[in-house]
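Basis for what follows: all heavy atoms, side chains included, without hydrogens, waters or symmetry-related copies. The first residue of the sequence shown is numbered 1, and numbering continues consecutively from there.
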Amino acid sequence: MPCAGLRRISGGPRSRALAARSLTRPAAGFVRLLTLVTERSSAPAAWRDRALHRQVWRLALPIVLSNMTVPMLGLVDTAVIGHLDAPVYLAAVAVGALIFTFLYWTFIFLRMGTGGLTAQAFGAGDADEIRAALARPMLVVGGLAALMLALQVPIAGAAFAIVETGAEVEALAREYFFIRIWGAPATLANFVLLGWFLGMQNSRAMLAQMVCVNAVNIALDLIFVVVLEMGVAGVAAASAIAEYAGLALGLVIAARILKATGGRWERARILDPRGLGHTVAVNRDIFMRTVLLIAAFAYFTMQGARLGEVVLAANAVLMNFFTIYSHAVDSFAHAVEAMVGRALGARSREGFVRAVAACAVWALGVSLLVTVIFAVAGGPIVRALTDLTEVRAVAGEHLGWLIALPIVTVAAFVLDGVFVGATRAREMRNSMIVCFALYMPLAWYLPTVWGNHGLWAALLGLMVLRGTTLGWLFARIERRGGFVKS
């Protein structure tokens, strides 16, 4: 647990060294995971298999590139609105975008569930089930999108009751919300397509779709805001239209993939109660897991706000480190998800083990690299993100937690991918319930004793708990016969 040594933490370089030392212990748990995998296979040979590593990077690299387009879009949104004649416009877009970030993040289960189910159908070589794996979640999207549009007024009311702003900012943010919400059907459908492309081992299609959405969004931002002077409404309209452009391209790509794959659209298979029930159950459990994870981060923010505006701002700056790291290592979580699902569909234990071993090694290597980068360049990164002296000082005192973060979280990222690819969503849900139940008392109590150091200790403790519980479940499943069923 990250509590070790906290009584001695008081800030500065010494605090960073102590935090890093006390939080590198989870690496041992990750090594035990690799040992467990290698004991029952020829995984060491997998690490020397160049074809296997090329497959990992063929899946991971386009995801890294697609992730890089997301902050670019945010920068353009900020730039075009930031040049208007009042800061209220920028504040309104920031509030509206924040609401949609949390709203859509709760529906990320559509991508995760679709990816695992599709990968298993792909591994089994079942062309009809590949089509069904795309059609079933699209039916779910239809129902969810209709519900969101029908309930947009109460959803907005609840969102703005939680996010407190001034009257002028709220009025503009509401304008943003009620325009962008009409892009929800396309956004949810795009989640399904992204998961389906990943399950089909085609991350280049994911990249093409993400680039399309963001490129159209940026172009329309410039047209609607700079040329047509539509203000906040222009930014919202650009985002909604861009989602439909991405959906159109995604459907074209999917049609080409399906033509090459073969198979038929079988209504009986698509609407089979057993298949639909499994799809709904997987998505339901991942949804519950995601809501708890969002709640954990939201509580972290709330607790930071109680420690003062400077601490809140410093934590916001430091969370950029987490974003940088997650964009880097999440690509290997996606890769292991696709490769594990394919191996399970093919009933190949050897393929399963080799996929986990190769992706875990690369994820660990990238995590170590990011740790070094944070340790060497953490200070300059903070100074580049803010000019406020007080915020820089507080952020600098807590850099040690961020330096330790990659090693602490790598197991959770990789194991998430394993369980998603294996469609073991119930275990993921149960793991998150336990982690959340243990995290909340830590996040409440530790800040009262150690201030913001205690809050960061609680958050990294959550990551340790996630990796530990998923690792325990992984080992338990392996002892009972493994993920692959013959």
Contact check, side chains of [X] and [Y], non-hydrogen atoms, under 4.5 Å:
X	Y	answer
M200	T118	yes
F191	P137	no
M432	M288	no
L198	I63	yes
V434	L465	no
V418	C359	no
V291	I294	no

Candidate pair D416 and R289, rule salt bridge (charged side-chain N to carboxylate O under 4.0 Å, His left out), full reasoning: CA-CA 11 Å; D416 262 355; R289 166 259 186 198; 2.7 Å; yes
Please check if the distance between the ring centroids of [X] and [Y] is under 6.0 Å.
X	Y	value
F352	F483	yes
F436	Y299	no
F374	Y325	no
F297	Y439	no
W57	F332	yes

[X] versus [Y], closest heavy-atom pair with distance:
X	Y	result
L455	A443	CD1-O, 4.3 Å
A173	F160	CB-CE2, 3.5 Å
M112	V420	O-CG1, 3.2 Å
L442	P447	O-CD, 3.7 Å
L207	P62	CD1-O, 3.7 Å
V329	V410	CG2-CG2, 4.5 Å

For the residue pair H453 and W401, does the interplanar ring angle fall in the parallel (under 30°), tilted (30 to 60°) or perpendicular (over 60°) class?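 If you compare the ring of H453 with that of W401, the planes turn out tilted.
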Measure the [atom1]-[atom2] distance between [X] and [Y] for me, rounded to the nearest 0.5 Å.
X	Y	atom1	atom2	answer
L52	W362	CG	CH2	11.0 Å
T409	M463	OG1	CE	7.0 Å
T114	F197	OG1	CZ	11.5 Å
Y104	R180	OH	CZ	6.0 Å
E243	L188	CD	CG	9.0 Å
R354	M339	CZ	CE	9.0 Å

Exam field: side chain [X] to backbone [Y], donor-acceptor pair closer than 3.5 Å:
X	Y	value
E397	V394	no
S331	H327	no
T279	A133	no
T290	I286	yes
Q201	A338	yes
N190	A186	yes

Run the side chain to side chain contact (heavy atoms under 4.5 Å, CB included) check on I155 and F177 step by step: do they pass? CA-CA 10 Å; I155 290 173; F177 178 90; 3.9 Å; yes
What do the steps show when you test W456 against N315 for side-chain hydrogen bond (donor to acceptor under 3.5 Å, both in side chains), and what is the final call? CA-CA 9 Å; W456 277 101; N315 286 348; 2.9 Å; yes
Evaluate side chain to side chain contact (heavy atoms under 4.5 Å, CB included) for H334 paired with L59, printing each intermediate quantity in order. CA-CA 8 Å; H334 283 69; L59 289 168; over 6 Å; no
In terms of heavy-atom contacts, does CH2 of W444 have more than 12 from other residues, nucleotides or ligands at under 6.0 Å?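 It does not: W444 CH2 has 12 such atoms or fewer within range.
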R426 atom CZ, neighbour heavy-atom count above 12 within 6.0 Å: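 Open: at most 12 neighbouring heavy atoms sit under 6.0 Å from CZ of R426.
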Between M210 and L194, is the side chain to side chain contact (heavy atoms under 4.5 Å, CB included) condition met? List the steps. CA-CA 9 Å; M210 288 290 291; L194 289 172; 4.1 Å; yes
Pair R342 + E337, salt bridge at N-O below 4.0 Å: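 A salt bridge is absent here (no side-chain N lies under 4.0 Å from a carboxylate O).
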Is a salt bridge present between R349 and E478, judged by a nitrogen-to-oxygen distance below 4.0 Å?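 Result for this pair is yes, salt bridge flagged.
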Can you name the salt bridge (Lys or Arg N to Asp or Glu O under 4.0 Å) partners of R136, sequence neighbours left out?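 Counting only residues at least two positions away or on another chain, R136 forms a salt bridge (Lys or Arg N to Asp or Glu O under 4.0 Å) with E129.
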Examine R284 relative to F109 and say whether NZ or CZ is less than 6.0 Å from the centre of the six-membered ring and inside a 45° cone about the ring axis.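 No, R284 and F109 do not form such a contact.
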Dump the intermediate steps for side chain to side chain contact (heavy atoms under 4.5 Å, CB included) on M148 and F107, then the final yes or no. CA-CA 11 Å; M148 287 180 67; F107 293 103; 3.8 Å; yes
